[in-house]
Amino acid sequence: MMQDQQDNQTIDMMLNMGPQHPSTHGVFRMELRIDGEKIIDVKPHIGYLHRGSEKLSEGEQYHQIITLFDRMDYLANFNNELVYCMAVERLLDMEPSKRTEYIRVILCELNRIASHLLYVGTIGLDAGAMTPALFSFIGRDRIQTLFESISGARMMHNYFKIGGLKQEVPDDFVRMVKDIMPVIRRDIDQTEKLLTFNEIFLSRTKDIGVITAEQAIDYGLTGPCLRGSGINYDVRKSEPYSVYQDFDFDVPVGLDGDCWDRHWVRVKEMHESLRIIEQAIDKLPDGDVASPLGRRLIRPSEGEVYVKAENPRGEIGVYLVSDGTDKPYRLKVRPPSFCNLSAIQLLLQNSWVADSVVILGSLDIVLGEVDR
Amino acid sequence: MLSTVKGMIQTLSSTWRGLRKPVTKLYPENPTVLQNRFMGFPGLTWDKDIDEPFCTGCMVCIRNCPTQCMTATMKDNPKFADESSKRRKIVDEFEINLNRCILCGICVDVCNFDAIVMTHEHEESGSYRDGSRMKLDGLLEIGGKYQTQSGWKPAPKD
């Protein structure tokens, strides 16, 4: 009898998830140590999508780096362009015109909706729901078509320039945005109705992957992952940049810090973004959007600057050091996805293997930004 | 139990909504409608008044390209000698490696002569190794096509 028990003694199993696993949202490998169905430990491996964007930036002129930022968080291109442009503008000690700022905010908030719509679709796929993904992509595609008519590209826009915009928006910009708003609202509602309070989805996400407020702060989480834990921190509110202080909007905050709260915060954020766009389009001032720098070579004086902004995924920071030449001396990005991903070990320990996919999906990482 | 049934009804009604009108299109038969500002591969424009390209081969786009995907050389303009053109120099060779091009449009922004445009061309393939390296005649061809299609005009001189 004793001998038999010893023979059947269970040992931990190593399970590889990724890098080509469809639920890792990119090329991300997790080395899971599992005991039966329970995860004991997880070792994340990143770097499969490393392109050296920060080092490449040191060899590019200031206006060329915008293309690299487009490719960093490839689901929130406008938000990334904005934070880099703000950093260089602060180095140059200049301010873009009000119209530029308003158009930037409108495009950034539209991009936030597009990013969150994609998130809602993919979390549905991770939890086993096929329909929301199909419906959310309809709304996202509408926004991308709008972007195409404004900037000429669906994803890699290169539209924000240092001190201005690349070109004036189309004549029917206001009408286009006003037309798309009710449609997007309907798309969001449709996707949300399918998923948020669905019984199966609730049982898959409620009380799964809980992170307390203290832990979330310790791990440096930002964005919806932090707000899902009940902490009201949004860079747009706490340190308003661009023209965000002109708008009236709320910051949705979760309660428990589980997967469902993180999901709910994102869904509510989309509605808040729509509110911001509505106010911005009504107040859109006239003026010039062209950069006062024109085609001149950008050569900031020596100095360093740290600028942060609220991305769909959290707080993105850019640390830029200039040595007075036409290329930056150093550029460091604080990517929200990377910091949010650092909590994966804490979240996955003592959870089930089947939940690992949902927990990773609820962090909403973009590997292009994690690895840079 | 009740909420499960509710969820099922919600999903089924969505399925019905989806069945009525497809939002997707079959690709090669129904190509997507491109917006006016769509940025495809870069092409070179043709000055119809003088019958020569706008490009002088000044290399400003090449120096500003983030991926270094272009090369160009210039030559003396023969039409400048007989005074039919104001351009002292004219492009001799121009090559864009379309595999490296990231369609950012910086070359168009920096060009002083309105010589380069982002065309609507986006479906290119080659069956040989250098198939995606587009030479001057190919670039002028797609640029000219864009010019006639969209009624492109050079920016008015101040």
Side-chain angles (χ1 to χ4, degrees), chain A residues 56-57 59-61 63-68 70-71 124 129-132 134-135 137-139 141-142 144-159 161 166-167 169-172 176 187 190-203 290-291 294-297, chain B residues 1-25 32-42 58 60-69 100-113 117-120 122 146 150 155 158:
Chain A
L56 276 175
S57 306
E60 304 266 8
Q61 288 168 3
H63 68 123
Q64 295 174 327
I65 296 170
I66 302 172
T67 58
L68 288 169
D70 268 335
R71 282 151 183 81
M130 186 77 195
T131 326
L134 301 173
F135 277 80
F137 266 77
I138 298 172
D141 208 68
R142 287 203 177 99
Q144 283 190 320
T145 311
L146 177 73
F147 287 166
E148 191 190 321
S149 65
I150 293 163
S151 71
R154 290 168 74 82
M155 282 175 89
M156 308 303 168
H157 311 288
N158 195 19
Y159 185 62
K161 295 284 162 192
K166 186 173 151 191
Q167 62 197 117
V169 288
D171 297 333
D172 53 348
M176 277 196 297
D187 286 336
Q190 217 171 57
T191 318
E192 191 195 345
K193 239 190 281 174
L194 276 169
L195 201 62
T196 308
F197 290 101
N198 185 298
E199 184 74 15
I200 303 164
F201 184 71
L202 274 171
S203 58
S291 170
R295 289 170 181 168
R296 254 176 290 155
L297 199 60
Chain B
M1 183 62 202
L2 188 70
S3 54
T4 313
V5 176
K6 262 189 199 162
M8 287 290 192
I9 292 165
Q10 182 67 52
T11 316
L12 275 174
S13 67
S14 300
T15 315
W16 177 242
R17 268 207 305 277
L19 281 174
R20 272 186 234 163
K21 196 176 153 223
V23 288
T24 49
K25 288 172 188 157
T32 333
V33 183
L34 297 177
Q35 306 294 320
N36 284 335
R37 287 190 178 178
F38 177 78
M39 294 197 292
F41 293 126
C58 70
V60 74
C61 51
I62 288 140
R63 269 180 279 126
N64 279 284
C65 180
T67 54
Q68 291 96 43
C69 70
R100 286 197 81 160
C101 179
I102 57 169
L103 315 179
C104 62
I106 286 180
C107 47
V108 183
D109 294 344
V110 296
C111 183
N112 293 313
F113 304 103
V117 285
M118 300 308 273
T119 65
H120 283 181
H122 60 285
Y146 175 76
S150 67
D158 305 320

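The figures here come from the full heavy-atom set of this structure, side chains too, leaving out hydrogens, waters and symmetry mates. Residue numbers begin at 1 in each chain, while the letters A, B, ... track the order of the sequences.
- Q64(A) approaches I106(B) most closely through the heavy-atom pair CA-CD1, 4.1 Å.
- Both the backbone and the side chain of E148(A) come within less than 4.5 Å of a heavy atom in chain B.
- For P170(A), the parts lying under 4.5 angstrom from a heavy atom of chain B are both the backbone and the side chain.
- Heavy atoms only, all atoms of each residue included: N158(A) and C104(B) are closest at ND2-O, 3.0 Å.
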Which atom pairs, one a donor and one an acceptor, fall under 3.5 Å between side chains of residues 34-42 of chain B and the rest of the protein, sequence neighbours left out?
residue, atom, partner, partner atom, Å
R37(B), NH1, I150(A), O, 2.8
R37(B), NH1, E168(A), O, 3.0
R37(B), NH2, E168(A), O, 2.6

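- Neither the backbone nor the side chain of F197(A) comes within contact range of chain B, judged by heavy atoms closer than 4.5 Å.
- The distance from atom CG of D109(B) to atom NZ of K166(A), rounded to the nearest 0.5 Å, is 5.0 Å.
- Side-chain contact check for I102(B) versus R71(A): some heavy-atom pair is nearer than 4.5 Å.
- Looking at H157(A), the atoms closer than 4.5 Å to chain B (heavy atoms on both sides) all sit in the backbone: N, CA, C or O.
- Of the listed residues (V110(B), T24(B), N64(B)), the greatest number of heavy-atom pairs within a distance under 4.5 Å of chain A belongs to N64(B).
- Only the side chain of I138(A) comes within contact range of chain B, with heavy atoms under 4.5 Å apart.
- Proximity to chain B involves both the backbone and the side chain of T145(A), based on heavy atoms less than 4.5 angstrom apart.
- S149(A) touches chain B through backbone and side chain together, each having a heavy atom under 4.5 Å away.
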